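Notes follow the structure.
The model shown is predicted, which means the values in this text are computed figures rather than measured ones.
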Amino acid sequence: EVQLVESGGGLVQTGGSLRLSCATSGFIFDEYTIGWFRQVPGKEREAVSCITRRDGSTYYADSVKGRFTISSDNAKKMVYLQMNSLKPEDTAVYYCAADTPWITVKAFCPVNFFESWGQGTQVTVSS
């Protein structure tokens with residue numbers, strides 16, 4: 001059974017940093033595409049950043065390019081999202097998701113590709 005558990009959210013001031021962690025279990029890490037998504041009330045869930053270790057591809061939403069960095073640790077089965085220069089518009093619930101077979105995620109990372117989701121972690125950026 002695929003399990004994903006996010007942590008690392010919290011309250012931070014504009015310009016601050018947070019690192020989100022996604023602990024994964026129940027699947028072969030390299031066979032999956034794993035992504036970070038976010039959602040605010042009343043809006044659709046959107047892809048923030050995704051990674052596929054098998055082909056080395058990564059995706060970043062335009063709104064986070066240059067500020068967020070996705071990484072993974074195969075030995076620990078962890079995926080991280082380092083978020084720097086945070087803005088109030090980054091405030092959302094952030095979710096980790098995974099699915100297989102893996103896909104190349106350079107130009108896009110479709111939300112509807114993913115069937116396994118974590119419970120989410122709240123990120124609040126104060127102005």
Side-chain angles (χ1 to χ4, degrees):
E1 179 187 3
V2 174
Q3 291 193 327
L4 306 164
V5 180
E6 303 96 334
S7 61
L11 173 64
V12 65
Q13 291 186 332
T14 296
S17 298
L18 284 174
R19 188 177 82 154
L20 304 183
S21 299
C22 176
T24 76
S25 62
F27 62 94
I28 300 173
F29 204 65
D30 278 359
E31 297 296 324
Y32 278 65
T33 292
I34 303 174
W36 285 98
F37 300 79
R38 65 187 181 188
Q39 189 169 24
V40 297
K43 291 191 175 182
E44 291 186 356
R45 191 168 296 187
E46 64 173 357
V48 176
S49 183
C50 301
I51 186 168
T52 296
R53 287 180 54 92
R54 182 57 68 92
D55 69 355
S57 61
T58 56
Y59 164 85
Y60 292 95
D62 287 343
S63 59
V64 307
K65 282 180 181 176
R67 301 188 297 124
F68 291 10
T69 303
I70 193 169
S71 62
S72 64
D73 185 327
N74 189 38
K76 296 181 178 179
K77 302 292 193 288
M78 297 288 292
V79 179
Y80 305 99
L81 185 68
Q82 178 66 44
M83 305 187 296
N84 299 328
S85 302
L86 282 161
K87 305 175 181 180
E89 51 263 44
D90 294 317
T91 295
V93 177
Y94 283 70
Y95 298 90
C96 179
D99 219 308
T100 193
W102 58 268
I103 59 173
T104 296
V105 287
K106 289 183 179 178
F108 62 90
C109 186
V111 176
N112 58 9
F113 167 77
F114 296 87
E115 293 192 356
S116 299
W117 294 83
Q119 82 288 350
T121 185
Q122 176 71 47
V123 171
T124 302
V125 184
S126 64
S127 56

Please check if Val40 and Val93 belong to a single hydrophobic cluster, counting links between Ile, Leu, Val, Met, Phe, Trp and Tyr side chain heavy atoms closer than 4.5 Å.
no

Here the pair of heavy atoms bringing Ile51 nearest to Ser72 is CD1-OG, 3.9 Å

Residue pair Cys109 / Ala47: nearest heavy atoms and the distance that separates them:
O-CB, 3.3 Å

All heavy atoms of Gly9 vs all of Thr121, minimum pair found to be N-OG1, 3.2 Å

Do Val79 and Val48 sit in one hydrophobic cluster, given that two such residues count as connected whenever their side-chain heavy atoms are within less than 4.5 Å of each other, even indirectly?
yes

Those residues at least two apart in sequence (or on a different chain) that pass ring-ring contact (aromatic ring centres under 6.0 Å, His included) with Phe114 are Phe37

Using side-chain contact (heavy atoms from CB on, under 4.5 Å) as the criterion, list what pairs up with Phe108, not counting sequence neighbours.
Pro110

Counterpart residues, side-chain contact (heavy atoms from CB on, under 4.5 Å), relative to Thr91 (two or more places apart)
Gln122, Thr124, Val125

Heavy-atom nearest pair, Cys96 first then Ile34, reads SG-CG2, 3.9 Å

Separation between NZ (Lys76) and OG1 (Thr24), nearest 0.5 Å, reads 13.0 Å

Name the atoms and distances for all side-chain donor-acceptor pairs under 3.5 Å in residues 25-32, with sequence neighbours left out.
| from | atom 1 | to | atom 2 | distance (Å) |
| --- | --- | --- | --- | --- |
| Asp30 | OD1 | Arg53 | NE | 2.8 |
| Glu31 | OE2 | Arg54 | NH2 | 2.5 |

Just how far is it from atom CD1 of Ile70 to atom CD of Gln82, taken to the nearest 0.5 Å?
12.0 Å

What do you reckon, is CD of Glu115 surrounded by more than 12 foreign heavy atoms closer than 6.0 Å?
no

Measure the NZ-OG distance between Lys87 and Ser127 for me, rounded to the nearest 0.5 Å.
14.0 Å

Would a single hydrophobic cluster contain both Leu81 and Val12, if residues Ile, Leu, Val, Met, Phe, Trp and Tyr are joined by side-chain heavy-atom contacts under 4.5 Å?
yes

Group every Ile, Leu, Val, Met, Phe, Trp and Tyr by side-chain heavy-atom contacts under 4.5 Å, then state whether Leu4 and Tyr95 land in the same group.
no

Quick check: is Trp117 connected to Val105 through a chain of hydrophobic side chains (ILVMFWY, heavy atoms under 4.5 Å apart)?
yes

In Å, rounded to the nearest 0.5 Å, how long is the span from NZ of Lys77 to SG of Cys22?
13.0 Å

Answer yes or no: is there a donor N or O on one side and an acceptor on the other, between the side chain of Gln119 and the main chain of Glu6, under 3.5 Å?
yes

On a heavy-atom basis, the closest approach of Met78 and Ser21 is CE-CB, 3.7 Å

Strictly by side-chain hydrogen bond (donor to acceptor under 3.5 Å, both in side chains), give each pair with a member in residues 33-44 just once, sequence neighbours left out.
Thr33-Thr52, Arg38-Glu46, Arg38-Ser63, Arg38-Asp90, Arg38-Tyr94, Gln39-Arg45

What are the two closest heavy atoms between Met83 and Leu86, and how far apart are they?
CB-CD2, 3.8 Å

Within the side chain of Ser49, is there an N or O that forms a donor-acceptor pair under 3.5 Å with the backbone of Tyr59?
yes

Residue list, ring-ring contact (aromatic ring centres under 6.0 Å, His included) with Trp102, at least two apart or on another chain
none

